Amino acid sequence: MPADAAIDALLEGLNPPQRDAVVHGEGPLLILAGAGSGKTRVLTHRIAYLLRTGQAKPSEILAITFTNKAASEMRERVELLVGRATRAMWVMTFHAACARMLRADAHRLGYTRQFTIYDSADQRRLIKKCLDDLDVDVKRFTPRAMQSQISDAKNKLRSPEDYRQLVGSFFEQTVADVYDLYERELHRSNAMDFDDLLVRSVNLLEMFQEVRDRYSAAFRWIMVDEYQDTNHVQYRWLQLLTGDHRNLAVVGDDAQSIYGFRGADIKNILNFEDDYPDAHVVKLEQNYRSTQTILDAANAVISNNRGQMTKHLWTDVGEGDPVRVREMADEHAESRFVTAEVNRLVDEGVSRAEIAIFYRTNAQSRVLEDMLVRAGVGYQIIGGTKFYERAEIKDAVNYLTFLVNPQDGTAFTRIANSPRRGLGQTSMSRVLAHAASMGMTVWDAAIDDIPGLATAARKSLERFMSTMTRLKERVEGGAPVAQLLQELLEETGYKEALEAERTIEAQGRLENLEELVRVTQEYDANNPEGNIGEFLQQIALLADADTIRDDEGLVTLMTLHNAKGLEFPIVFIIGMEDGTFPHSRSIEEGNIDEERRLAYVGLTRAMRDLTLTYARRRGAFGGSMGGPTIRSRFLDEIPRDLTDQRQRLSAGFPAPGRVASWAGAAQASAEVAGDTDGSVFRIGEDVVHSKLGEGVVTGLEPGGIVVVRFAGDGSERKLMADYAPLKRR
DNA sequence: CGAAATTGGGTTTTT
DNA sequence: CCCAATTTCG
């Protein structure tokens with residue numbers, strides 16, 4: 001028992017099960033942590049406790065999370081408890097930990113430590129090339145389908161040979177061929193895709209006893225967050241590392257398993273006690289985040305799933321307000337309603353940073369964004385088109401990649417003719433073919449005498465490669481990343497080409513590149529011993545969730561998937577319709593349970609205020625498609641008395657056995673009609689119309705119509721708020 | 001050989 | 001609507 005006062009302090013303020021998990025010593029530990037039950041607190045205190053009691057040394061701690069953001073948050077919170085000792089611990093994502101192991105030992109598997117990490121776009125491009133090389137019809141077998149099959153195989157630790165054994169159709173036969181070639185091409189390029197990071201690490205640990213001994217001895221204490229989202233490779237990786245000491249503590253919630261499509265296997269957590277019969281099991285069921293009403297709603301929804309670990313969240317913060325459910329005419333009315341609500345809340349003194357809006361698919365954000373921009377509401381959006389996926393950023397990154405990884409043909413193909421240098425498809429294929437046939441790196445092939453290359457292309461390639469060679473010398477001289485990037489953008493003519501365009505778009509691209517330079521400067525400052533290869537590997541592993549800012553002035557928009565692990569005082573979930581959420585694909589595949597868990601995740605993000613909206617009609621593909629919708633089955637799984645919706649709006653009559661108040665009915669019909677009070681604009685507000693100039697709002701009418709008196713000619717006009725080019729001033 | 005124009009195809013979720 | 005791939009034109 002702890003005698004030390006510092007140790008007592010670590011346990012203070014923890015509830016009994018939390019304390020139980022923190023003080024558990026050697027041996028397997030399963031922490032079933034319901035949403036908002038303080039699991040990060042438990043993990044950080046457990047680490048601190050192990051250190052303080054002298055059971056563990058900092059360098060023996062390996063703490064795994066799913067996002068870098070979660071990792072840095074954990075690191076910061078541990079640091080508050082134990083200080084500098086944190087630096088010796090590995091607190092990072094699965095992928096980052098694997099990349100780090102591989103940098104040290106990849107040579108054993110025939111890679112250099114400068115191996116490139118391919119994101120899924122790179123991966124798809126290479127798969128496409130393999131399909132072409134094998135003369136496969138990409139109309140029949142799309143690269144996307146191949147990619148998901150290959151990724152799936154890798155997550156199950158199936159090699160191309162393993163896969164070939166199981167082939168049962170022509171499709172799978174094709175996949176086997178592509179998979180086989182793809183793997184060889186990847187290796188020849190000295191590159192790994194995301195899945196490879198895990199797979200190759202497992203290979204390393206399985207094939208080299210001394211490597212395995214080294215790591216399993218080093219990491220005597222292993223902790224894993226979000227264990228319900230681990231897949232088979234990750235499971236195997238953990239097995240290999242914990243085999244000797246069995247000090248594995250996992251935290252998770254089977255009700256929040258939402259990554260099945262990515263190979264996550266919920267059985268990993270469900271069967272933990274079979275894997276470790278002596279496992280100590282702790283359940284955290286007290287929720288410190290939400291009101292009882294929100295929890296009851298979430299519990300009710302998730303109870304429709306079978307075969308879960310029983311758990312019942314409760315709180316002592318009180319009942320709170322009912323869940324608000326709103327029917328809107330279409331997605332425009334929905335956006336208008338949410339935007340107006342945000343404004344109303346802000347007027348009441350709520351900070352925008354306290355508000356989040358969730359949706360099922362990224363495409364749903366567009367209409368909402370339009371409306372928020374129009375209303376002048378600041379927002380940040382997580383996901384969608386990501387910074388590192390922008391063409392100019394990928395180009396710059398691929399320049400750096402080719403400088404450190406001369407084998408990377410994908411990087412070469414991307415940059416050789418960007419900016420235009422007169423090196424087309426044909427010339428590039430010549431270079432790649434030459435490299436392949438001579439067994440040399442792409443770089444060496446590009447500076448070699450290539451037979452059959454046109455004179456113009458030859459000249460151009462020579463010029464390009466001499467610039468690259470000059471840059472490479474500076475890389476080898478240990479130039480800082482930022483300096484190299486800047487020189488590269490100048491000397492390759494990339495910047496010049498963009499400047500010559502003189503378009504607003506090009507201007508934006510230049511600004512993005514400046515942003516990238518800032519990122520490299522920051523990297524240089526934080527990593528005096530760093531190098532390009534490490535920088536590239538680091539940015540390759542960034543996730544969307546890592547870009548969330550704590551900005552007072554911004555409402556946060558994101559998919560439900562990205563919302564996991566976060567909390568907000570006020571939450572809106574839009575698009576609560578069957579087909580959107582649950583998604584039609586999931587309905588077809590009979591995969592409703594995972595969608596329901598996603599709903600559970602979404603609902604439990606809200607601390608005090610939760611609003612769910614659905615639209616009677618929803619357009620798709622820019623308005624050409626889409627029709628009447630059916631409200632989400634998940635809405636109907638929430639007991640009516642937890643919501644403020646007193647009758648079924650779609651029926652148009654009060655529900656049997658329940659008396660609807662007049663006010664409720666009036667309010668309901670107003671919403672159905674297009675909600676008069678939900679307008680983005682308000683009477684008396686100054687607005688600007690792109691054609692008619694400045695004016696003031698003099699009236700609001702049902703159907704989203706605003707009446708505006710314009711200053712220019714004094715005329716008063718009725719405008720459709722959704723379609724008129726009208727903005728708040 | 002490269003750039004512009006056209007057409008056709010597709011939307012789940014992502015480390 | 002937005003992209004990528006193909007066709008067409010210079």
Side-chain angles (χ1 to χ4, degrees), chain A residues 64-71 92-99 117-121 123-125 128 132 138-139 142-145 147-148 151 154-155 192-198 225-226 229-231 233-234 257-264 358-367 370 382-386 389 391 417-430 453-457 460 540-546 558-565 575 579-589 591 594-595 597-599 601-602 619-626:
Chain A
I64 296 293
T65 62
F66 268 80
T67 64
N68 293 290
K69 182 168 196 284
M92 53 185 82
T93 63
F94 270 111
H95 295 266
C98 288
I117 298 173
Y118 280 3
D119 67 15
S120 48
Q123 190 184 11
R124 194 147 58 237
R125 187 173 299 126
K128 169 73 168 44
D132 290 342
V138 290
K139 289 257 156 58
T142 64
R144 190 178 281 275
Q147 185 180 26
S148 93
S151 177
K154 289 191 178 191
N155 287 155
M192 299 194 202
D193 59 28
F194 281 138
D195 303 317
D196 271 349
L197 293 172
L198 271 306
D225 194 11
E226 308 280 12
D229 287 325
T230 52
N231 61 30
V233 210
Q234 291 163 336
S257 167
I258 56 174
Y259 285 110
F261 67 91
R262 197 166 84 188
F358 305 148
Y359 34 80
R360 178 63 177 83
T361 64
N362 282 305
Q364 287 171 263
S365 72
R366 190 156 284 131
V367 179
D370 279 353
I382 310 305
T385 344
K386 293 153 232 166
E389 281 176 15
N417 199 36
S418 176
R420 314 261 115 91
R421 303 188 172 89
L423 288 170
Q425 195 62 57
T426 331
S427 308
M428 286 195 259
S429 302
R430 285 257 154 73
L453 204 62
T455 326
S460 182
L541 298 176
L542 286 178
D544 292 332
D546 300 331
M558 65 179 100
T559 61
L560 286 151
H561 281 86
N562 268 317
K564 197 173 62 147
T580 298
F581 186 36
H583 194 271
S584 51
R585 285 280 283 269
S586 303
I587 298 173
E588 285 161 25
E589 289 164 14
N591 203 8
E594 182 152 313
E595 294 285 300
R597 292 193 290 267
L598 191 57
V601 167
F621 295 119
S624 58
M625 283 186 214

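If you're wondering where the values come from, they're calculated on a predicted model, not measured in any experiment. Proteins get letters first, then strands, A, B, ... in listed order; numbering begins at 1 in each.
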When every non-hydrogen atom of A/G575 is compared with those of A/T580, the smallest separation belongs to O-CG2, 3.5 Å

Using OP1 and OP2 only, check whether a side-chain N or O of [X] sits under 4.0 Å from [N].
X	N	result
A/N68	B/dT15	no
A/N362	B/dT11	no
A/N562	B/dT14	yes
A/S120	B/dT14	no

Nearest-angstrom distance from the residue atom [atom1] of [X] to [atom2] of [N]:
X	N	atom1	atom2	answer
A/L197	B/dT14	CG	C1'	14 Å
A/N231	B/dT13	CG	P	20 Å
A/K564	B/dT14	NZ	P	12 Å
A/R421	B/dC1	CZ	C1'	16 Å
A/D196	B/dT15	CG	P	18 Å
A/R124	B/dG9	CZ	P	18 Å
A/R125	C/dA4	CZ	C1'	12 Å
A/F66	B/dT15	CZ	P	11 Å

Starting the side chain at C-beta, find the nucleotide from [options] nearest to [X].
X	options	answer
A/T93	B/dC1, B/dT15, B/dT11	B/dT15
A/R366	B/dG2, B/dT11, C/dC2	C/dC2
A/S427	B/dT14, B/dC1, B/dT15	B/dC1
A/R144	B/dT15, B/dT11, B/dT14	B/dT11

Using the C1' atoms only, state how far C/dA4 lies from B/dT13, rounded to an integer number of Å. 22 Å

Touch class at under 4.0 angstrom, heavy-atom based, for [X] against every strand present:
X	answer
A/F94	nothing
A/L541	nothing
A/E589	base
A/T426	sugar-phosphate

Value rounded to 0.5 Å, distance of CG in A/D196 from CD in A/Q123: 8.5 Å

My understanding is that only residues two or more places apart in sequence, or in another chain, count here; which of them pass side-chain hydrogen bond (donor to acceptor under 3.5 Å, both in side chains) with A/T361? A/Q364

Output all residues satisfying side-chain hydrogen bond (donor to acceptor under 3.5 Å, both in side chains) with A/E595, sequence neighbours left out; order by chain, then residue number. A/R360, A/S586

Contacts of A/A363 and A/N417 projected onto DNA chain B by closest heavy atom; the upstream (5') one is A/N417

Want to settle it: does A/H583 or A/F194 sit nearer the 5' end of DNA chain B, counting the closest nucleotide to each? A/H583

Students often mix this up, so state it plainly: with edges at 30° and 60°, are the rings of A/F194 and A/H95 parallel, tilted or perpendicular? perpendicular

Aro-ring/base stack A/F261-B/dT13, d under 5.5 Å, angle under 30°: yes

Pairing of A/D132 and A/K128 as salt bridge, 4.0 angstrom limit: yes

